[in-house]
Amino acid sequence: MDPLSIGITCPQRSFYERDTSVVARDLLGKKLVRLLAGNSRDQERLVGIITETEAYGGEDDPASHAFHGYTPRNSIMFERCGLSYIYFIYGMYHCMNVSARSKTKQAGAVLIRSILPIEGINRMMVHRNLKNIGDVANGPGKLTRALLIDKSHNGLDLTDCTCSLHIENGKTPRRILAAPRIGISVGTEMDWRFKLS
DNA sequence: CTACCGATTATCT
DNA sequence: GATAATCGGTAGT
């Protein structure tokens, strides 16, 4: 089915071509969408409202993967904005980011830390082998597993509504909380973690 | 080539 | 609160 014909729109590339912390804040309330392959007329949609994000910069941000410059792993952070940057961490989890940066920067990304499932919830629970819905996707490693996201999805165009992984527009949230980023040992001064409250 | 360690999570005490 | 699980990427030799 044609996404446009049923009123689905995606933030376009210019949305991501802004200061990384601004993009991180504005991603709250948007939808993270995973289309599972199947009958092409009937792809299963796994969808969650983005409820928590973190902004990461380039060589100016000691907590960023891009702090030491370009490497094979972080190459997407230097690529076009609006692409998925997915990496493997702690030997067992994947984390998903969106490449983003203002014109003056050379690298950046926004980590998606948490989503609120709204479509395909049962399927997510199967992927996570859970029986209670509460914790299905409320963490960066949890949501990638719930949506079956791994390194094979690195570098996908999230502005493309037909892509197996993309981001769709949603309701603009009312209250947003800013706080220090977590899970890092440096660069904790800035309030670059954003959360729906 | 080697050694270290991480943008995490589940499962303990 | 503390810790084990588990391995690829990276920096340093």
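A, B, ... follow the sequence lines: proteins, then strands. Residue 1 opens every chain. All values below come from the heavy atoms of this structure, side chains included, with hydrogens, waters and symmetry mates left out.
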**Message:** For the backbone of A:His65 and the side chain of A:Asn74, can you confirm whether one donor and one acceptor N or O come within less than 3.5 Å of each other?
**Reply:**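 The answer is yes, because a donor-acceptor pair under 3.5 Å joins these two groups.
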**Message:** Using a 3.5 Å distance criterion without hydrogens, assess whether the side chain of A:Ser64 forms a donor-acceptor pair with backbone atoms of A:Gly57.
**Reply:**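 Answer holds: yes.
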Taking only side-chain N and O atoms of [X], does any of them lie within less than 4.0 angstrom of OP1 or OP2 on [N]?
| X | N | result |
| --- | --- | --- |
| A:Lys151 | C:dG8 | no |
| A:Arg73 | B:dG6 | no |
| A:His65 | C:dG9 | no |
| A:Thr71 | C:dT10 | yes |

Once you round it to whole Å, what is the distance between [atom2] of [N] and [atom1] of [X]?
| X | N | atom1 | atom2 | result |
| --- | --- | --- | --- | --- |
| A:Leu143 | B:dT9 | CG | C1' | 13 Å |
| A:Ile89 | B:dC4 | CD1 | P | 18 Å |
| A:Asp61 | B:dA7 | CG | C1' | 10 Å |
| A:Asp150 | C:dG8 | CG | P | 13 Å |
| A:Leu130 | B:dT9 | CG | C1' | 12 Å |
| A:His94 | C:dG9 | NE2 | C1' | 14 Å |
| A:Asn154 | C:dG8 | CG | P | 16 Å |
| A:Met190 | B:dA7 | CE | C1' | 13 Å |

**Prompt:** Salt-bridged, A:Asp61 to A:Arg181, with N to O below 4.0 Å?
**Reply:**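 Yes, charged N to carboxylate O under 4.0 Å.
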**Asked** Is A:Arg25 close enough and on-axis enough to A:Phe194, meaning under 6.0 Å and within 45°, for cation-pi?
**Response**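 No, a cation-pi geometry is absent between A:Arg25 and A:Phe194.
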**Prompt:** Does NZ or CZ of A:Arg18 come closer than 6.0 Å to the centre of the six-membered ring of A:Tyr16, within 45° of the ring's axis?
**Reply:**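 Not flagged: A:Arg18 not positioned over aromatic ring of A:Tyr16.
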**Prompt:** Can you give the dot-bracket line for DNA chain C, using ( ) for pairs inside the strand, [ ] for pairs that cross earlier ones, | for pairs with another strand and . for unpaired bases, where Watson-Crick and G-U count if both distances are under 3.5 Å?
**Reply:** |||||.||||||.
**Residue from A:Ile167, A:Leu32, A:Val33, A:Leu83 passing side chain to side chain contact (heavy atoms under 4.5 Å, CB included) with A:Leu158** =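 Among A:Ile167, A:Leu32, A:Val33, A:Leu83, the one meeting side chain to side chain contact (heavy atoms under 4.5 Å, CB included) with A:Leu158 is A:Ile167.
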**Prompt:** For atom P, what is the distance between C:dT6 and B:dT2, given to the nearest Å?
**Reply:**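 Straight-line distance between the two P atoms is 23 Å.
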**Asked** Taking the P atom of each, how far is B:dA7 from C:dG12, in whole Å?
**Response**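 It works out to 16 Å between them.
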Students often get this wrong, so: under 4.0 angstrom with heavy atoms, is [X] touching a base, only sugar-phosphate, or nothing?
| X | result |
| --- | --- |
| A:Leu111 | base |
| A:Arg113 | sugar-phosphate |
| A:Arg128 | sugar-phosphate |

**Message:** Using a distance-only criterion (donor-acceptor N/O pair, under 3.5 Å, no hydrogens), is the base of C:dA11 paired with the side chain of A:His68?
**Reply:**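 For A:His68, whose side chain was compared with the base of C:dA11, there is no donor-acceptor pair (under 3.5 Å).
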**Message:** Within the structure provided, determine whether A:Asp157 and A:Arg13 are in side-chain contact (heavy-atom separation under 4.5 Å).
**Reply:**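 The answer is yes, as the side chains (C-beta and beyond) meet within the 4.5 Å cut-off.
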**Which nucleotide in B:dA7, B:dT9, C:dC7 has an atom nearest any side-chain atom of A:Tyr56** =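 Nearest nucleotide to the side chain: B:dA7.
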**Prompt:** With a cut-off of 6.0 Å (strictly less than), are more than 12 heavy atoms of other residues, nucleotides or ligands near CD of A:Gln12?
**Reply:**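 Result for CD/A:Gln12: open.
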Are any protein N/O atoms closer than 3.5 Å to N/O atoms in nucleotides 4-6 of chain C? If there are, list each pair with its distance.
residue : atom : partner : partner atom : Å
C:dT6   : O2   : A:Tyr90 : O            : 2.5

**Request:** Determine, step by step, whether A:His153 and A:Arg34 satisfy the side-chain hydrogen bond (donor to acceptor under 3.5 Å, both in side chains) criterion, reporting the C-alpha distance in whole Å, the side-chain angles of both residues, the deciding distance to 0.1 Å, and the verdict.
**Result:** CA-CA 10 Å; A:His153 303 96; A:Arg34 174 87 168 89; 3.3 Å; yes
**Asked** Which ILVMFWY residues are connected to A:Val22, directly or by a chain of links, through side-chain heavy atoms under 4.5 Å apart?
**Response**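 Members other than A:Val22 - counting any ILVMFWY side chain reachable under 4.5 Å - there are none.
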